[in-house]
Amino acid sequence: MENYNDIPVVTAEPEKEGGKGFAIASLVLSICSFLPCCLPYIGGFISFVCGVLGIVFAFVSRRQNFGKFSTMAKAGLIISICFFALNVLLILFVLVIYLLYFIFGISVAGLGILSEFMYY
């Protein structure tokens with residue numbers, strides 16, 4: 001406590017906001033999960049891992065920030081969840097196409113799915 005003209009003055013330190021590093025990492029990884037999302041095989045794996053790590057880092061940031069999400073951590077969490085779900089849907093789509101072709105012998109062109117993108 002300090003005295004200023006014989007009046008006691010109490011100075012308070014600003015609250016420390018922790019977890020900024022993990023919030024930034026969550027946001028960066030969530031953005032990076034979008035880039036390889038549409039690449040076949042290895043890109044999907046990289047996107048999957050970046051999405052999971054983005055979600056984990058957002059929650060670690062929350063824990064270090066005394067139970068509150070910072071804005072960057074919220075953005076990283078939302079973007080990571082969106083691209084993680086998109087990646088899971090793409091994996092399921094590819095698995096269904098493989099099952100249709102290899103087990104049942106049905107080709108994608110025969111179903112008329114994506115026929116406008118195929119060259120004859």
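Quick note: residue numbers are just sequence positions, from 1.
Between L29 and C50, the closest heavy-atom pair is O-CB, 3.6 Å. Heavy atoms only, all atoms of each residue included: A75 and L27 are closest at CB-CD1, 3.9 Å.
Between the OG atom of S80 and the CZ atom of F34 there is a distance of 13.5 Å, given to the nearest 0.5 Å. Atoms CG and CZ, on L89 and F83 in that order, are 12.5 Å from each other to the nearest 0.5 Å. The distance from atom OG of S61 to atom NZ of K20, rounded to the nearest 0.5 Å, is 10.0 Å.
In this structure, the side chain of S47 engages the main chain of S33 through a donor-acceptor pair within 3.5 Å. Between the S26 side chain and the F22 main chain, no donor and acceptor come within less than 3.5 Å of each other.
Every residue meeting the side-chain contact (heavy atoms from CB on, under 4.5 Å) condition with L77, not counting sequence neighbours, appears here in chain and number order: I55, A58, F59, F69, I81. For I91, the side-chain contact (heavy atoms from CB on, under 4.5 Å) test picks out N87, L95, with sequence neighbours left out. By the side-chain contact (heavy atoms from CB on, under 4.5 Å) test, V96 is found to be paired with L100, residues two or more places apart in sequence or in another chain being considered.
Residues L92 and F48 share a single hydrophobic cluster, defined by chaining ILVMFWY side chains whose heavy atoms lie under 4.5 Å apart. By the rule that hydrophobic residues join a cluster once side-chain heavy atoms approach within less than 4.5 Å of another member, F57 and I78 end up as members of separate clusters.
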